[in-house]
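Values in this document were obtained by computation on a predicted structure and should not be read as measured data.
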Number of protein chains: 2
Amino acid sequence: MSLPFKKRVVIIEDDQEIRESFNLIVNSSQRFAVVGAYGNCEDAIAALNRDKPEIVLMDIELPGMNGIKGTQIIRDKNSSTEIIMVTVYEDSDLVFEALKAGASGYITKSANYTELLSALEEIVRGGAPMSSRIARMVIDNYHINPNSPLTKRETTILQLISEGKTYTQISEELFISKETAKTHIKNIYSKLQVNSKSEAIAKANHDKLI
Amino acid sequence: MSLPFKKRVVIIEDDQEIRESFNLIVNSSQRFAVVGAYGNCEDAIAALNRDKPEIVLMDIELPGMNGIKGTQIIRDKNSSTEIIMVTVYEDSDLVFEALKAGASGYITKSANYTELLSALEEIVRGGAPMSSRIARMVIDNYHINPNSPLTKRETTILQLISEGKTYTQISEELFISKETAKTHIKNIYSKLQVNSKSEAIAKANHDKLI
DNA sequence: TTAATAATCACCCAAACTTCGGTATAATTC
DNA sequence: GAATTATACCGAAGTTTGGGTGATTATTAA
C-alpha cells in the first residue's frame, strides 16, 4: 500500500472513539494518510519500521509507557519524525517535558476537524502548532522573574557563575578583588539558600533569576 | 483624552512611514488606541508615565537604545505592559534575547492589516503571537541534541550535576561509589573540553545535551 | 537633612569539595 | 575478539565554601 505525495501519519491514542475520529479526519485530507493507529506506545514503536511515519499524533496519558517516554524513543530512532502531542492537559510541567522529549506541537483533544488538520499543515510547513495558552506558557518560560531577591550586582555575578566562570575570572571581569567576588557569592548563596555554584545555577534557572 | 474600553498602545519605530501605517491600522480598530508613537526608546520611556500603555509595538533596530534594552527597561518599570517585537529579523539570537528581555510576541514588519490586529487581539487574549518560524525556533530550542558525545550514563550524571548535586549525592543516587562518579565526571569534562561543574552545565545548556 | 538601610567592596583562616593524573577490572556492544 | 562503557581506587594540588570582621558609598525613609 504505497501512498505517494501523502504524508504518513501514525496515531497513538488509547480512547478508541477519539482514535477513530482522528483517523477519519486525517484520512479525509488529500495531503495525509493514516498508516497506523495504536492504543499504546509499545505497539506503535514495534511497528515503526513498517509504518515509517513522518508525523505522529501522540496522547500523553496512555496505558503502559506514557506519551512522553514514547516521544523520546521515537525521536531517538528517527529524529526527522515530527511529533504532535494531543492531550487534555495544559499543565505546565508536562508541556515542557513533552517539548524536551522532542515534541514539535502541542494541541488539545478538544481540537475539531479544522484545528487538527491545520496543526498537521503547520507541522509540514515547518512550524510548531500550539494553542494560545501553550504558546504563552512557552514564551513566559523565557521571561526573567521580576521579583528576584538579588541585587543587580549579585545578578551579574550569578550570570557569570552560570557561564562557568571561577572566582578569579569573575573578579577579573568585574575589576573587583577575588575576596569581593567571594563575598557577593556568599550573599547569593544565603539568599537562595544553596551552598554551591551548581545548586545556585539550578535554582537560578528554576526560578528564572537570570 | 480618555479612551475607555480601548487598550492603550504605544508604537516605537524609527521609520516614519511604517510608524504612520501602524498608527492608522491600530487606530482603525474599536478595541485599540495609539496613545503614543515614537522614533526611539528614549522618548517613549520618558513619556511612559503619561502614556501608560497596555501594549507596546517595538522595533528592534532603533537609533540610540535598541529595542531589546528598551524592552528590558519598560518591563522593569511596569511588568504588566505587554511588548510585541516588530522586526525584519528572524535571527535566532535576537529572538531569544528579545524574549528574555520580556517580549511576549514576535512578528515581522511585513505584517499586514489583519496580522497586526490579530497579534494585538492575541496578546489581549493572553496568548503569544508569533510567526511560524519563530514558534518553531522557540520549540526547537527545547529539544535535546541527538548528537551528544556523551554516553547514557554520562548524560544521567551531567543531568544530576545540573541539578546541583555533589559527587557524594550523585554516587548515592545512582548506587555507585564516589570514585566511579568522579571517573565519569572526568570523562565528561574531557569530552566537553571543560574543567568544572559550572562550565559543564553551561556547555550542556548551550549545546542542548540535557 | 539626618538617620537608617542596602549595596558594594575587602581580608583572614580552616574545612570541605573538586579536579588532575594515574591504574585497573567487569560487562557490554559491535 | 576488539572497542566501548561502566565500575572502582589513590594521592596531590587547587578551588570553593563557611564563619567571621569591617569600611565606604548609595539610597530611602523619617
Worksheet entry | Other residues, nucleotides, ligands: >12 heavy atoms within 6.0 Å of A:Tyr89 OH |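 Open: at most 12 neighbouring heavy atoms sit under 6.0 Å from OH of A:Tyr89.
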Worksheet item: Pairs in or reaching into residues 132-160 of chain B: which pass salt bridge (charged side-chain N to carboxylate O under 4.0 Å, His left out), with residues at least two apart or in two chains?
Response: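 Counting only pairs at least two positions apart or across chains, the salt bridge (charged side-chain N to carboxylate O under 4.0 Å, His left out) contacts touching residues 132-160 of chain B are A:Glu82-B:Arg136, B:Glu90-B:Arg133, B:Arg136-B:Asp140, B:Glu154-B:Lys191.
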Discussion item. Any residue in residues 203-210 of chain B with a heavy atom nearer than 4.0 angstrom to DNA chain D? Just list them by number, or reply none.
Written reply: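 DNA chain D contact set from residues 203-210 of chain B: none.
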Discussion item. Below 4.0 angstrom, which residues in residues 144-157 of chain A have at least one non-hydrogen atom near DNA chain D?
Written reply: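 Heavy-atom contacts with DNA chain D come from no residue of residues 144-157 of chain A; none.
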Worksheet item: Is it true that a side-chain atom of B:Arg8 and a backbone atom of B:Lys52 form a donor plus acceptor pair closer than 3.5 Å?
Response: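 Looks like yes, one N/O pair under 3.5 Å.
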Worksheet item: For the helix from C:dT1-D:dA30 to C:dC30-D:dG1, what is the angle between the axes at its two ends, each from 5 pairs, rounded to 10°?
Response: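 Rounded value for the end-axis angle: 70°.
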Fill in: Interatomic spacing from CG in B:Asp43 to CG in B:Asn40 - rounded to 0.5 Å
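If we round to the nearest 0.5 Å, B:Asp43:CG and B:Asn40:CG are 4.0 Å apart.
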Return a table of donor-acceptor pairs under 3.5 angstrom between the side chains of residues 65-72 of chain A and protein atoms on other chains or two or more places apart.
unit_1: A:Asn66; atom_1: OD1; unit_2: A:Ile68; atom_2: N; d: 2.9
unit_1: A:Asn66; atom_1: OD1; unit_2: A:Lys69; atom_2: N; d: 2.8
unit_1: A:Lys69; atom_1: NZ; unit_2: A:Gln72; atom_2: OE1; d: 3.1
unit_1: A:Thr71; atom_1: OG1; unit_2: A:Gly67; atom_2: O; d: 2.6

Worksheet entry | N/O (side chain, A:His184) to phosphate O (OP1/OP2, C:dA7) under 4.0 Å |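 No.
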Practice prompt. List the steps, then state whether side-chain contact (heavy atoms from CB on, under 4.5 Å) holds for B:Ile139 with A:Tyr106.
Written response: CA-CA 10 Å; B:Ile139 293 298; A:Tyr106 205 103; over 6 Å; no
Fill in: Donor + acceptor pair across side chains of B:Asp14, B:Tyr38 (<3.5 Å)
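Side-chain D/A pair, B:Asp14 to B:Tyr38: absent.
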Response to the item:
Its contact letters, B for base, S for sugar-phosphate only and - for none at protein heavy atoms under 4.0 Å, make nucleotides 9-25 of chain D read BBB----SBBBB-----
